[in-house]
Amino acid sequence: MKYVLVLVLAFSFTSCCSQKETTEAATSDNQKVIATESFTKIKMGQLTPFGDTMLKLKQVTNDSRCPEGTQCIWAGEVSVIVGMYDKGKFVKDINITFSPKDVTKNKPYLLFETEDSKYFATGMTPYPKEGSKIEPKEYAMEISIKPNA
């Protein structure tokens, strides 16, 4: 019995950590309906499935972000190539640039949409630090999954 309780608690903890409450509405039966936004990361070189669609962070083509611990005139940006696959077949490469200063480039990038959700690229990790180099395998792209209203 203790093992079942531990498994239930562990599952509850992991599922609540990957979701963020975004909206709340009441139905005609006075029941609360909560829409959630979930987040995940796509690691460099790994195919990550989202139903029939798969994404792969292929390459960081430019990372000129101002490292933490330094002062820069320009904040910089990071550009990546993401491969999109449908049912295992290559569809296209997507070029995305994340820039903290350029408002048009700083908006979440809509990667694709399904009947139920929208999938957005929202940023890159890790952020550069003074005196250290980011290895290509360390990069990951942050993804936000928002349910359609």
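- For the pair Ser79 (side chain) and Asn62 (backbone), a donor-acceptor distance under 3.5 Å is absent.
- Scanning for salt bridge (Lys or Arg N to Asp or Glu O under 4.0 Å) contacts around Asp93 gives Lys58, with sequence neighbours left out.
- Considering only residues two or more places apart in sequence or on other chains, Tyr119 meets the ring-ring contact (aromatic ring centres under 6.0 Å, His included) condition with Phe50, Phe112.
- With sequence neighbours left out, Lys129 forms a salt bridge (Lys or Arg N to Asp or Glu O under 4.0 Å) with no residue at all.
- Residues Tyr85 and Leu57 do not share a hydrophobic cluster, clusters being chains of Ile/Leu/Val/Met/Phe/Trp/Tyr side chains in contact below 4.5 Å.
- With sequence neighbours excluded, no residue satisfies side-chain hydrogen bond (donor to acceptor under 3.5 Å, both in side chains) with Ser64.
- A donor-acceptor contact shorter than 3.5 Å links the side chain of Glu138 to the backbone of Glu135.
- Applying the side-chain hydrogen bond (donor to acceptor under 3.5 Å, both in side chains) criterion to Ser117, with sequence neighbours excluded, gives no partner residue.
- Among residues two or more places apart in sequence or in another chain, the side-chain hydrogen bond (donor to acceptor under 3.5 Å, both in side chains) test is passed with Tyr139 by Asp63.
- A continuous path of Ile, Leu, Val, Met, Phe, Trp and Tyr side chains, each step under 4.5 Å between heavy atoms, connects Ile42 with Val60, placing both in one hydrophobic cluster.
- Side-chain atoms of Tyr127 come within 3.5 Å of backbone N or O of Cys66 as a donor-acceptor pair.
- In the hydrophobic clustering of ILVMFWY residues, with side-chain heavy atoms under 4.5 Å counting as a link, Leu110 and Ile145 come out apart.
- Residues Met54 and Ile94 fall into different hydrophobic clusters, defined by Ile, Leu, Val, Met, Phe, Trp and Tyr side chains chained together at heavy-atom separations under 4.5 Å.
- With values rounded to the nearest 0.5 angstrom, Thr97 atom OG1 is found 5.5 Å from Glu77 atom CD.
- The line from CE of Met141 to CD1 of Ile81 is 12.0 Å long, rounded to the nearest 0.5 Å.
- Residues Ile96 and Met44 are members of one and the same hydrophobic cluster, defined by side-chain heavy-atom contacts under 4.5 angstrom among Ile, Leu, Val, Met, Phe, Trp and Tyr.
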